[in-house]
Structures are given as structure tokens and as C-alpha cells.
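Since the structure comes first, as C-alpha cells, the remarks are kept for the end.
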Amino acid sequence: MTGDPIGELVALLARLPGVGERTATRLAFYVLESEPTLASGLGEAFGELHHRVKRCRTCGNFGADELCHVCRDPRRDASVVCVVARVPDLVAIERSGAFRGRYHVLHGLLAPLDGIHPEHLHVEALEARAEAEGIRELVVATPLTVEGEATALYLADVFADTQVEVTRIASGMPHGGELEFTDQVTLGRALAGRKKV
Ligand SMILES: [Zn+2]
């Protein structure tokens, strides 16, 4: 701790994505000039985040319990699983309302040049699920980037000799675009137009 509490807060906020120093300064003064309950509420929510949020033991989604709300929902089609790189992508697909199956979050993409190899992704768990849950289709909804494509091809290879069909969301999404920032209609179309890898 230095003797500059506002400067410390600004420096922390400025580390968040999309928040530059100017925005960080504006946020810090906004909180300072608001009711103290805002600052204490934010402090508590941030402080308990890692403690309260768990990774779903089945799919890797984040939630407050051992099983996430999607895995707990018996109305979801367990035979179709959408594979995403990150949880915000799952959230974007859920928001589109275009998918009624379940998910599997890889928590990354293959990037051999950056040292991210298959064993760093959540793939073994996916193979185990395919067997145990009778999955018939994996819809790979990784971004349309080099890493996203490499990951889709890798998954197609892993499941090549199984009953599981590996499909890929259709292009039409902005190339290299993050799912998270793709509009709901485009995402829905990309899912509906998926093709076998
Ligand atoms: Zn889950």
C-alpha cells in the first residue's frame, strides 16, 4: 500500500480489458463520490469471486455449484454438445437462444507456437463425456481464427473413429471475430448452418 489510495485503485482498474487510464480515473472518482455501499459491494463481490464461483465438473462452465445451470437442466438435449473456447462464448450462444444442447468449455485454443498443446485443453474430459453421455454430435463453435480452426480439426481427428460426428459452425461470422461480440441473429445462423468437419 502506498499513501495514494485513488492512484492504487486507478492502477488496478486500468489493468481490466477495455479500461484505459482515463476511464479508470473516471470510475474511481465515480465510486468515491457515490454511496459507500457501492464501494463495499464491489469490494465484496470481487473479493469473493474466486471463492464463490466454481467450474462445472461436467462441462467447465462457471457457476455457483458443482454442476452448472445448463448441465442441471433435464430439458437440454444431452446428445448434442457445443464446444467453445471460453465461457463468454457460451454466454453469447445462450443469449442467442439458438442452441438447446449442452456445452463443453475447452478453456483455451490450440496454439502450438505459444506452447498451448492438446493436453492443456479440456479434451480428455470431453472424450470421457462422449462415452458416458452418448454424445452424437459435437458442434465446434471456436472462433474463425487460425487457432480456432486448428482446434476444430484436432477435435475432428480425436473423434474420427467414434460414433460422434464433429461439426463446425458456419462462416458468416466476421472472420477472426470473437463469438462474444457477434450479434444473436448471426450466431443463430452460424449454428443452424453447421457442417461436418
Ligand atoms: Zn455444466
Side-chain angles (χ1 to χ4, degrees), residues 1-73 75-76 82-100 102-109 111 113-116 120-122 141-148 151 169 172-191:
M1 291 273 166
T2 64
D4 179 12
I6 296 175
E8 278 171 32
L9 179 58
V10 168
L12 282 171
L13 289 170
R15 284 166 60 179
L16 298 173
V19 181
E21 187 149 351
R22 258 173 50 184
T23 305
T25 305
R26 195 159 57 88
L27 292 172
F29 280 102
Y30 179 83
V31 173
L32 184 61
E33 286 161 8
S34 301
E35 289 287 315
T37 49
L38 178 60
S40 56
L42 283 168
E44 210 169 300
F46 278 125
E48 292 182 358
L49 197 60
H50 287 104
H51 173 65
R52 288 181 60 193
V53 177
K54 298 183 171 72
R55 263 194 201 190
C56 173
R57 68 176 146 83
T58 300
C59 74
N61 187 12
F62 291 131
D65 300 297
E66 295 281 295
L67 272 183
C68 73
H69 71 101
V70 180
C71 289
R72 277 201 314 268
D73 185 349
R75 293 163 303 176
R76 308 290 296 224
C82 182
V83 182
V84 293
R86 300 158 53 241
V87 173
D89 300 334
L90 180 161
V91 174
I93 294 171
E94 278 296 279
R95 217 167 28 216
S96 79
F99 185 69
R100 295 303 301 161
R102 292 204 167 133
Y103 293 94
H104 194 84
V105 186
L106 296 172
H107 290 286
L109 290 170
L113 295 179
D114 296 328
I116 304 178
H120 297 111
L121 303 180
H122 200 204
T142 51
L144 303 176
T145 57
V146 173
E147 289 86 3
T151 306
I169 50 168
M173 297 206 315
H175 199 79
E178 295 281 337
L179 268 71
E180 194 185 339
F181 303 117
T182 305
D183 72 87
Q184 300 172 16
V185 175
T186 308
L187 255 182
R189 261 192 223 131
L191 277 162

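Just so you know, these numbers use all the heavy atoms, side chains as well, and skip hydrogens, waters and symmetry mates. Please read these numbers as outputs of a predicted model, since none were measured by experiment.
Leu191 CG to Thr186 OG1: the interatomic distance, rounded to the nearest 0.5 Å, is 11.0 Å. Of the inter-residue distances, the one linking Thr142 atom OG1 with Leu106 atom CG reads 8.0 Å to the nearest 0.5 angstrom. Of the inter-residue distances, the one linking Thr37 atom OG1 with Leu42 atom CG reads 9.5 Å to the nearest 0.5 angstrom. The structure places CG of Leu144 at 5.5 Å from CD1 of Ile169, a figure rounded to the nearest 0.5 Å.
Side-chain atoms of Arg102 come within 3.5 Å of backbone atoms of Asp73 as a donor-acceptor pair (strictly under, hydrogens ignored). Side chain of His122 to main chain of Gly60: no donor-acceptor pair is present (N/O by atom type, distance under 3.5 Å, no hydrogens or angles). Here the side chain of His120 pairs no donor or acceptor atom with the backbone of Ala111 at under 3.5 angstrom. Here the side chain of Asp183 pairs a donor or acceptor atom with the backbone of Val185 at under 3.5 angstrom. Checking side-chain atoms of Thr23 against main-chain N and O of Val19 turns up no donor-acceptor pair under 3.5 Å.
Atom CZ of Arg76 sits in a crowded spot, with more than 12 heavy atoms from other residues, nucleotides or ligands closer than 6.0 Å.
Under 4.0 Å is where a charged nitrogen must lie from a carboxylate oxygen, and between Arg86 and Glu147 no such pair does.
Nearest heavy-atom pair, Ser96 versus Leu187, reported as atom, atom and distance to 0.1 Å: CB-CB, 4.2 Å. When all heavy atoms are compared, the tightest approach of Tyr103 to Glu94 is OH-OE2, 2.6 Å. Ala141 and Cys82 get closest at one heavy-atom pair: CB-SG, 3.7 Å. For the residue pair Leu121 and Leu109, the shortest heavy atom distance occurs at CD2-N, 3.7 Å.
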Run the side chain to side chain contact (heavy atoms under 4.5 Å, CB included) test on Val70 and Cys59 for me, step by step, so that the C-alpha distance in whole Å, both residues' side-chain angles and the decisive distance to 0.1 Å come before the verdict. CA-CA 9 Å; Val70 180; Cys59 74; 5.8 Å; no
Report the C-alpha distance between Val91 and Ile93 in whole Å, list the side-chain angles of each, state the deciding distance to 0.1 Å, and finish with yes or no for side chain to side chain contact (heavy atoms under 4.5 Å, CB included). CA-CA 6 Å; Val91 174; Ile93 294 171; over 6 Å; no
What's the verdict on side chain to side chain contact (heavy atoms under 4.5 Å, CB included) for His69 and Asn61, showing C-alpha distance, side-chain angles and the deciding distance? CA-CA 9 Å; His69 71 101; Asn61 187 12; 4.3 Å; yes
Working for side chain to side chain contact (heavy atoms under 4.5 Å, CB included), residues Leu90 and Phe62: CA-CA 10 Å; Leu90 180 161; Phe62 291 131; over 6 Å; no
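Residues in residues 13-40 take part in no salt bridge (Lys or Arg N to Asp or Glu O under 4.0 Å) pair, two or more places apart or across chains.
Considering only residues two or more places apart in sequence or on other chains, Leu67 meets the side chain to side chain contact (heavy atoms under 4.5 Å, CB included) condition with Cys56, Arg57, Thr58, Cys71, Arg72.
The shortest side-chain heavy-atom distance between Tyr30 and Leu38 falls under the 4.5 Å cut-off.
Checking each of Thr25, Val31, Leu27 against Phe29 for a side-chain contact (heavy atoms from CB on, under 4.5 Å) leaves exactly one that passes, namely Thr25.
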